K.L.:
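First, the structure itself, so that you have it in front of you.
Bear in mind that the values here come from a model prediction, so they are computed numbers and not experimental data. What's counted below: heavy atoms across the whole structure, side chains too, no hydrogens, waters or symmetry copies. Below, chain A is the first sequence line, B the second, and so on; all start at residue 1.
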Number of protein chains: 2
Amino acid sequence: MKTIEELLESKNIRVTAMRLLIYKFLVEKDVAVTLSDIENAFEKSDRTTLYRTIKTFEEKGIVHQIDDGTGITKYALCEKGCNCEIENDLHLHFHCNNCNETVCLTAHKIPQIKVPDGFVAENVNLVVKGFCDKCSGH
Amino acid sequence: MKTIEELLESKNIRVTAMRLLIYKFLVEKDVAVTLSDIENAFEKSDRTTLYRTIKTFEEKGIVHQIDDGTGITKYALCEKGCNCEIENDLHLHFHCNNCNETVCLTAHKIPQIKVPDGFVAENVNLVVKGFCDKCSGH
DNA sequence: TCATTAATGCACTTCCATTGCATTTGTTTT
DNA sequence: AAAACAAATGCAATGGAAGTGCATTAATGA
Ligand SMILES: [Mn+2]
Ligand SMILES: [Mn+2]
Ligand SMILES: [Zn+2]
Ligand SMILES: [Zn+2]
């Protein structure tokens, strides 16, 4: 069981207080977060720092970006064993039209998609919208 | 064979010179266009008019919006028989990483997507990225 | 023709992503 | 430990795109 410090160092991310806090925040959240979500959680720090921190996390492959169609970029921790850097994100994302939360459905892989002759598929973004388990009411 | 005027009227869209021009522009293009694309094609008219025209087309169900992940909204004509108003768009979209164009693959329907228990899927956005037929080089 | 309604054009706002630069903090090297 | 270096942070500003308010113009219908 690695500490967060060890994890960050293993990815060549220098450990700072802010980065530890942001990482912990992402762990606690089980949903994808926006930059503003992080901003509101840490009123002390500056948006730019948060922005660059999350970008660093993304480049180093511990966070992935999610475009759920709301127009606001969201981020979530990669699951262990995920290698976004190399191959692209394979799981689907679910956006709830009620509570407005977006979750990674990491257990639900994206099926093989056929494209016409001459087209070469490199990666796929699949977003399902509807009602999440908390909002579907049963 | 309906004229464009008849088509617009049948959808309760008042016929104006600008609307005819924009409609024709969309027909000629075989790819999804951004608002700026339209803006550049008609330097005479105002962005707001173009914006509201395309929104009108969208509301009336002759155009659908495409979020291809570039962060810029794109639009394309609905195919005949398409009823976005009622059901959601079922076909997939392809975004070329080389020429940056996005096309509707109307013949390629989105497969049935499984979601976990408790989740209710209402609609799906599926975007495939890679190289289009013009750019894949063969 | 006159009244009513819709379309258009201009100015402005808002929201989010992104960058430049000076400052602070942390790491290496001597 | 001190000096030199590099990276992280904070503030201010920019840029791009979506969207709105309102006055003006054009189309429709009584
Ligand atoms: Mn995810
Ligand atoms: Mn389409
Ligand atoms: Zn929900
Ligand atoms: Zn292409």
K.L.:
Could you tell me which non-hydrogen atom of A:I110 sits nearest to which non-hydrogen atom of A:H91, and how far apart they are?
P.N.:
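Looks like CD1-O, 3.6 Å.
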K.L.:
Could you tell me the separation between the CD1 atom of B:I72 and the P atom of C:dA17, rounded to a whole number of Å?
P.N.:
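Roughly 14 Å, once rounded to whole Å.
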K.L.:
Taking for each residue the nucleotide of DNA chain D with the nearest heavy atom, is it B:V15 or A:A17 whose nucleotide lies nearer the 5' end?
P.N.:
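Whichever sits nearer the 5' end wins; that is A:A17.
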K.L.:
Salt-bridge test for A:E101 and A:K134: reply yes if a basic N is under 4.0 Å from a carboxylate O, no otherwise.
P.N.:
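Looking at A:E101 and A:K134, the cut-off is met.
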K.L.:
Can you tell me if the side-chain N/O atoms of B:T73 get under 4.0 Å from OP1 or OP2 in D:dA17?
P.N.:
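So the side-chain polar atoms of B:T73 never come under 4.0 Å of the phosphate oxygens OP1 or OP2 of D:dA17.
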K.L.:
Roughly how many Å is it from CD1 in B:I66 to C1' in D:dA18, rounded to a whole number?
P.N.:
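Rounded to whole Å, this separation is 17 Å.
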K.L.:
Counting only distance, no hydrogens or angles, is the base of D:dC11 paired donor-acceptor with the side chain of A:T48 under 3.5 Å?
P.N.:
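Answer yes: a donor N or O sits under 3.5 Å from an acceptor.
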K.L.:
The side chain of B:D46 lies closest to which of these nucleotides: C:dT8, C:dT18, C:dC10?
P.N.:
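Shortest atom-to-atom distance from the side chain points to C:dC10.
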K.L.:
Does B:Y51 put a side-chain nitrogen or oxygen below 4.0 Å from OP1 or OP2 of D:dA18?
P.N.:
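For B:Y51, the contact criterion (side-chain N or O under 4.0 Å from OP1 or OP2 of D:dA18) is not met.
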K.L.:
Rounded to whole Å, how long is the line connecting atom NZ of A:K60 with atom C1' of D:dA8?
P.N.:
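Interatomic distance, NZ of A:K60 to C1' of D:dA8: 13 Å.
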K.L.:
Taking the minimum atom-to-atom distance to the side chain of A:T49, which one of D:dA17, C:dT8, D:dG10 wins?
P.N.:
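Nearest to the side chain of A:T49 among the choices is D:dG10.
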K.L.:
Starting from C1' on D:dG29, measure out to CZ on B:R14 and report it in whole angstrom.
P.N.:
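That distance rounds to 10 Å.
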K.L.:
Return the nearest nucleotide to the side chain of A:S45; candidates are D:dA8, D:dG10, D:dT20.
P.N.:
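Of all the options, the side chain of A:S45 is nearest to D:dG10.
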K.L.:
Given D:dG19, is OP1 or OP2 found less than 4.0 Å from the side-chain N or O atoms of B:K55?
P.N.:
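For D:dG19, OP1 or OP2 has a side-chain N or O of B:K55 closer than 4.0 Å.
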K.L.:
Start at the 5' end of DNA chain D and walk down; is the nucleotide closest to B:L35 or to A:R52 reached first?
P.N.:
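Closest to the 5' end, via its nearest nucleotide, is A:R52.
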K.L.:
Nearest whole angstrom, please: distance from the P of C:dT24 to the CE of A:M18.
P.N.:
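Distance check: A:M18 CE to C:dT24 P gives 19 Å.
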K.L.:
Of the candidate nucleotides D:dT9, C:dC16, C:dG9, which contains the atom at the shortest distance from the side chain of A:R47?
P.N.:
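Given the options D:dT9, C:dC16, C:dG9, the side chain of A:R47 is closest to C:dC16.
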K.L.:
Output the rounded distance in Å from CD (A:Q65) to P (C:dT18).
P.N.:
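After rounding, the gap between these two atoms is 7 Å.
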K.L.:
What does A:S36 touch in the nucleic acid at a heavy-atom separation under 4.0 angstrom: a base, only the sugar-phosphate, or nothing?
P.N.:
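Nothing, no nucleic acid heavy atom in range.
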K.L.:
Output the rounded distance in Å from CD (B:E39) to P (C:dT8).
P.N.:
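Nearest whole value for this atom pair: 15 Å.
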K.L.:
Have a look at B:T56 and say if it touches a base, only the backbone sugar-phosphate, or nothing, with a 4.0 Å heavy-atom cut-off.
P.N.:
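Result for B:T56 = nothing.
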K.L.:
Could you tell me whether A:K129 and B:E122 make a salt bridge, using a distance below 4.0 angstrom between a side-chain N and a carboxylate O?
P.N.:
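Between B:E122 and A:K129 there is no salt bridge, as every charged N stays at least 4.0 Å from the carboxylate O atoms.
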K.L.:
Any side-chain heavy atom of A:Y75 within less than 4.5 Å of one from A:K55?
P.N.:
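Side chain of A:Y75 against side chain of A:K55, heavy atoms only: contact under 4.5 Å found.
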K.L.:
Look at the side chain of B:T3 and the backbone N and O of B:E6, then say whether any donor-acceptor pair between them is shorter than 3.5 Å.
P.N.:
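Pair found, side chain donor or acceptor close to backbone of B:E6.
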K.L.:
Between B:D37 (CG) and D:dA17 (C1'), how many Å, whole number?
P.N.:
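After rounding, the gap between these two atoms is 13 Å.
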